[in-house]
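Worksheet for the structure shown next.
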Amino acid sequence: MLIESLIAYRKRKGHDITVVFDGWKTGQGHEHHGVTGGVRVIYSGIGENADAVIKRLVSSVKRQWIVITSDRDIADHAWSRDSVPVASEDFLRVISRREPPYDEKNGPSEEYHRPSGKGNPRRISKKAKAVGRALSKL
């Protein structure tokens, strides 16, 4: 069902989409790549989880990625590589168009950083603005 939703979304928007699934406990002995309806699907190999594959992809290709995840470790890694993590819940709202995921006044529904206690509390952080820009592209 996820792949079908992403195929429909890709047809509407034309974005390159890569989905990574865990295959580290069972499956083929090596990483498996395929394309379904224009969506690139990767299954991690035995002994490597999907998180490691995502981190490797974000690190290896020198471009800014929009990484859909609710995993804090992957989100932190994305930020460190000049990519933007977007919460899975926000992306789900985007593809189902139930409600706007980003509000200029309040920022995205979920942020991937701890407040530092510095600066104007009414001002949206740079990371929240980056997430908002990423969501507007989706």
How close do [X] and [Y] get, heavy atom to heavy atom, and via which atoms?
X	Y	result
Thr69	Ala75	CG2-N, 4.1 Å
Val84	Gln64	CG2-NE2, 3.6 Å
Ala50	Ser44	N-OG, 3.8 Å
Pro85	Val131	O-CG2, 3.5 Å

Glu4, CD atom: more than 12 neighbouring heavy atoms under 6.0 Å: no

Measure the [atom1]-[atom2] distance between [X] and [Y] for me, rounded to the nearest 0.5 Å.
X	Y	atom1	atom2	answer
Ser80	Asp76	OG	CG	8.0 Å
Arg40	Ile17	CZ	CD1	13.0 Å
Leu6	Thr36	CG	OG1	10.5 Å
Ile68	Thr18	CD1	OG1	11.5 Å

Side chain to side chain contact (heavy atoms under 4.5 Å, CB included) against Arg63, all qualifying residues, sequence neighbours excluded: Val61, Trp65

Are any side-chain N or O atoms of [X] and backbone N or O atoms of [Y], one a donor and one an acceptor, separated by less than 3.5 Å?
X	Y	value
Asn49	Asp22	no
Tyr9	His15	no
Ser125	Ala128	yes
Ser83	Trp79	no
Arg10	Gly37	no

Tyr43: partners by ring-ring contact (aromatic ring centres under 6.0 Å, His included), with sequence neighbours left out: Phe21

Would a 4.5 Å heavy-atom cut-off, applied to side chains only, mark [X] and [Y] as touching?
X	Y	result
Leu135	Phe91	no
Ile42	Val19	no
Leu138	Ile66	yes

Same apolar cluster (I L V M F W Y, side chains within < 4.5 Å links), Val35/Ile7: no

Side-chain atoms of residues 51-59: list all donor-acceptor pairs with protein atoms under 3.5 Å, sequence neighbours left out, distances to 0.1 Å.
| unit_1 | atom_1 | unit_2 | atom_2 | d |
| --- | --- | --- | --- | --- |
| Lys55 | NZ | Asp73 | OD2 | 2.4 |
| Arg56 | NH2 | Glu31 | OE1 | 2.4 |
| Arg56 | NH2 | Glu48 | OE1 | 3.2 |
| Arg56 | NH2 | Glu48 | OE2 | 3.2 |
| Ser59 | OG | Lys55 | O | 2.9 |
| Ser59 | OG | His77 | NE2 | 2.8 |
| Ser59 | OG | Arg81 | NE | 3.1 |

